[in-house]
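Since we're looking at a predicted model, the values are computed, not measured. Residue numbers run from 1 in the order of the sequence given.
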Amino acid sequence: MTTRVFTAPGAALDQDEITRKQKEYLFPSVTTYFPKPLTLVRGSMQRVWDIDGHEYLDFFGGILTVSVGHANPRVTGPMKQQLDTLQHVSTVFQTIPQVELAEKLAQIAPGKIRKSYFTNSGTEANETAIHLARMHTGNYEIVVLRHGYSGRSSLTRGMAGISGWRRQTLEAGIVHAINPYCYRCPFGLKHPDCGVACAKDVENVIQTTTSGAIAAFLAEPIQGVGGFIVPPPEYFKIVFSIVKQYGGDFISDEVQTGWGRTGNKWWGIEQWEVAPDILTSAKGLANGQPVGLTMARPEIADSFQGITISTFGGNPVTCTAARAVIAVIEEDDLRTNAAVVGRYFRQRLEELAQKHPLIGDVRGMGMMQALELVQDRRTKEPAPQETNTFMDECRKQGLLLGKGGIYGNVIRLSPPLNIAKTDVDEAFEKMDKAFAAMGNK
C-alpha cells in the first residue's frame, strides 16, 4: 500500500485541470478575473507567480489585504513560532496574543475608542457593529450610503448600495442616503459650489424614511467596491453632526481604508478629522490571515447585552500575525511611505490620463488609487468592457489590478504599503503598454 504525500500547491495539476475542478466542486458564485482564469501558487513581497511560472507585479494585494507584502518573513516568522506553540483555544480561554493585540489597538485607535472584539472577517465585524449600536442606542434603524459595500451576510448585503450585491436579501430597518460621488454627482452639482448637498441628504433621509431616531450611520471613509469614491473634505464632519442630532452612533467601516493605507494616519476617517464611536476593520490587519475587528468606546462596548462567542475570533496565530503587521508598519514608517509614494503614484496616474482618453477620472488617497474608464469624457458613459480588456492586457504585461464601481468600469489599485517609486514606475510602464495595445486592436 502506497501512502500519498501532499506536495506544494499546484505541483500535480495544470491550469486546465484546476479550472475543471473549480467548476465541478465549487459554487459557481466563486467567480474569478479574466476569461482564462489565473492560478497563483507563490508570492514574495510585491510579486506573485502563477502555476506556469509567470511573474506578476501585484497592485491589488488580495483586495487591499496584503498590506506589508506577500509572505513577508517578519510576519510569517512569528506566525510559525506561534503555530508550533498554541494554535487554537477559542475565546472561552484567555490568550496572550489576543490581549497584547487588543492593548496595542487601544493605543492607536482614534478618539476615545479602546475596546476590541475579534471575529473572522469584515462582514462579521460590521454585523457586530450594527448589533452593538442597536443595543447601545436602543434604536433600530441604520443609515448607510448608496454604492457602499459592507460584506456578504444577509444583513450586510441588505446594507449594500449596489444592486448586484443585494440579490435575495430583504433586511428591515436599513435606509440609503446619496453617496459623495463628485465625479457623478446625482444632483448635477460641482464641489465646492454644491454646498456638500450629499452630506445634507443624510438628514433628509432620516427625516423622511426613518422613525427619526436612528441606531447608527455606517460608511466607508473611501468606498471600496463602489470604486474608491473619495468624499469632499467637509463631508464627514457635516454627517457626524447630523448622526448625533438623531441619536445614532457613527460607525467607520475601515475594512479597506485602515492600517495606514490612506497615508500618514492609521485610519481613513482621520483624514476627515472625525472620531467615530465604533470602528470596524479586517483585511490588511493580518496581511492575509482571516480576521475581523470591531472597536468601540468603552461605554458602547460595555452596553452589549447577553452572551456571545466567536469560535475563531482572536485566534492566537491570527493575532500574532496582526501584531507583527502593526510592528512592521511602525518600524518601517509605512504610513509615511503610503503618503509619499502614494502622491508619486497619483502623479504618474495623472500622466497616464493625459495620454489615454479612456481615463475619465483619477482619484484616491495614499495606496488606494483608482482610474474610472469611460467611453467619452464629456458624457462620462461607463466603459465596463474596455475595463475588462485593459485588465487582461495588464495581465499580459505582468501586472495585476482590481476593478469595482457600480458599472464595473473602475480600475482599483492597492499595492502593499511598502512598495517603492520604482514599483510605481514599473506599473506605469505596464499600464501604458496595455492601453497602447488596446488602441492597436
Side-chain angles (χ1 to χ4, degrees), residues 65 67-68 72-129 131-133 135-136 249 251-255 258-260 265-267 269-270 275-332 334-335:
T65 297
S67 52
V68 297
N72 188 324
R74 291 162 67 186
V75 177
T76 60
M79 284 174 58
K80 292 173 184 176
Q81 184 177 2
Q82 182 60 50
L83 190 64
D84 290 335
T85 304
L86 181 67
Q87 180 182 355
H88 174 75
V89 294
S90 192
T91 53
V92 293
F93 298 98
Q94 293 180 338
T95 65
I96 294 173
Q98 181 177 224
V99 171
E100 288 187 337
L101 175 59
E103 181 181 26
K104 181 61 183 179
L105 292 171
Q107 295 168 4
I108 65 175
K112 298 180 180 180
I113 288 177
R114 290 294 178 272
K115 293 192 174 184
S116 296
Y117 188 87
F118 299 107
T119 49
N120 306 283
S121 66
T123 296
E124 288 185 67
N126 284 325
E127 287 259 2
T128 302
H131 199 188
L132 181 60
M135 289 179 173
H136 174 242
D249 287 333
I251 304 173
S252 183
D253 179 346
E254 302 271 355
V255 171
W259 317 111
K265 311 288 187 180
W266 278 110
W267 311 102
I269 196 64
E270 292 179 300
D277 301 300
I278 303 172
L279 178 149
T280 63
S281 196
K283 292 188 180 289
L285 170 58
N287 207 47
Q289 289 297 298
V291 67
L293 168 68
T294 305
M295 302 182 71
R297 292 190 282 112
E299 66 272 22
I300 298 177
D302 294 347
S303 70
F304 193 95
Q305 302 162 23
I307 59 175
T308 187
I309 187 174
S310 177
T311 301
F312 299 105
N315 174 271
V317 180
T318 298
C319 287
T320 297
R323 188 66 185 86
V325 167
I326 293 172
V328 172
I329 293 172
E330 287 186 318
E331 291 165 9
D332 294 355
L334 296 186
R335 286 172 292 164

Can you name the nearest heavy-atom pair linking [X] to [Y], along with the distance?
{"X": "Val255", "Y": "Gly122", "result": "CG2-CA, 3.8 Å"}
{"X": "Ala282", "Y": "Gly292", "result": "CB-CA, 4.2 Å"}
{"X": "Asn120", "Y": "Gly313", "result": "OD1-N, 3.9 Å"}
{"X": "Trp267", "Y": "Gly258", "result": "CE3-CA, 4.1 Å"}
{"X": "Gly314", "Y": "Thr95", "result": "O-OG1, 4.3 Å"}
{"X": "Thr280", "Y": "Ala125", "result": "CG2-O, 3.5 Å"}

Closer than 3.5 angstrom, by distance alone: can the side chain of [X] be matched with the main-chain N or O of [Y] as a donor-acceptor pair?
{"X": "Gln81", "Y": "Gly77", "answer": "no"}
{"X": "Trp259", "Y": "Asn287", "answer": "no"}
{"X": "Ser67", "Y": "Gly284", "answer": "yes"}

Can you tell if the side chain of Pro276 reaches within under 4.5 Å of the side chain of Ile251, non-hydrogen atoms only? no
For Thr128, the side chain to side chain contact (heavy atoms under 4.5 Å, CB included) test, sequence neighbours excluded, returns Tyr117, Thr119, Thr294
Can you tell me how far CG of Asp253 sits from CG of Asn126, rounded to the nearest 0.5 angstrom? 4.0 Å
Got a second to check how far Lys265's NZ is from Ile108's CD1, nearest 0.5 Å? 13.5 Å
Any chance you could lay out the side-chain contact (heavy atoms from CB on, under 4.5 Å) test for Ile329 and Arg335, step after step, and finish with the verdict? CA-CA 7 Å; Ile329 293 172; Arg335 286 172 292 164; 4.1 Å; yes
What residue pairs, at least two apart or across chains, pass side chain to side chain donor-acceptor pair (under 3.5 Å) with a residue in residues 85-94? none
Tell me the side chain to side chain donor-acceptor pair (under 3.5 Å) pairs involving residues 96-114, sequence neighbours left out? Lys104-Glu330
Counting neighbours of CG on Leu83 that are heavy atoms of other residues, nucleotides or ligands and sit closer than 6.0 Å, is the number greater than 12? yes
Expected list for residues 317-328: side-chain donor-acceptor pairs under 3.5 angstrom, two or more places apart:
residue: Thr320; atom: OG1; partner: Pro316; partner atom: O; Å: 2.7

Test of understanding: with side-chain hydrogen bond (donor to acceptor under 3.5 Å, both in side chains), list the residues that count as partners of Asp277, not counting sequence neighbours. Lys244, Arg297
List in chain and number order the residues that pass side-chain hydrogen bond (donor to acceptor under 3.5 Å, both in side chains) with Asn72, two or more places apart in sequence or in another chain; answer none if no residue qualifies. none
Steps toward side-chain contact (heavy atoms from CB on, under 4.5 Å) verdict (Ile96, Val99): CA-CA 5 Å; Ile96 294 173; Val99 171; over 6 Å; no
Taking the six-membered ring for Trp, are the ring centroids of Phe304 and His136 within less than 6.0 Å of each other? no
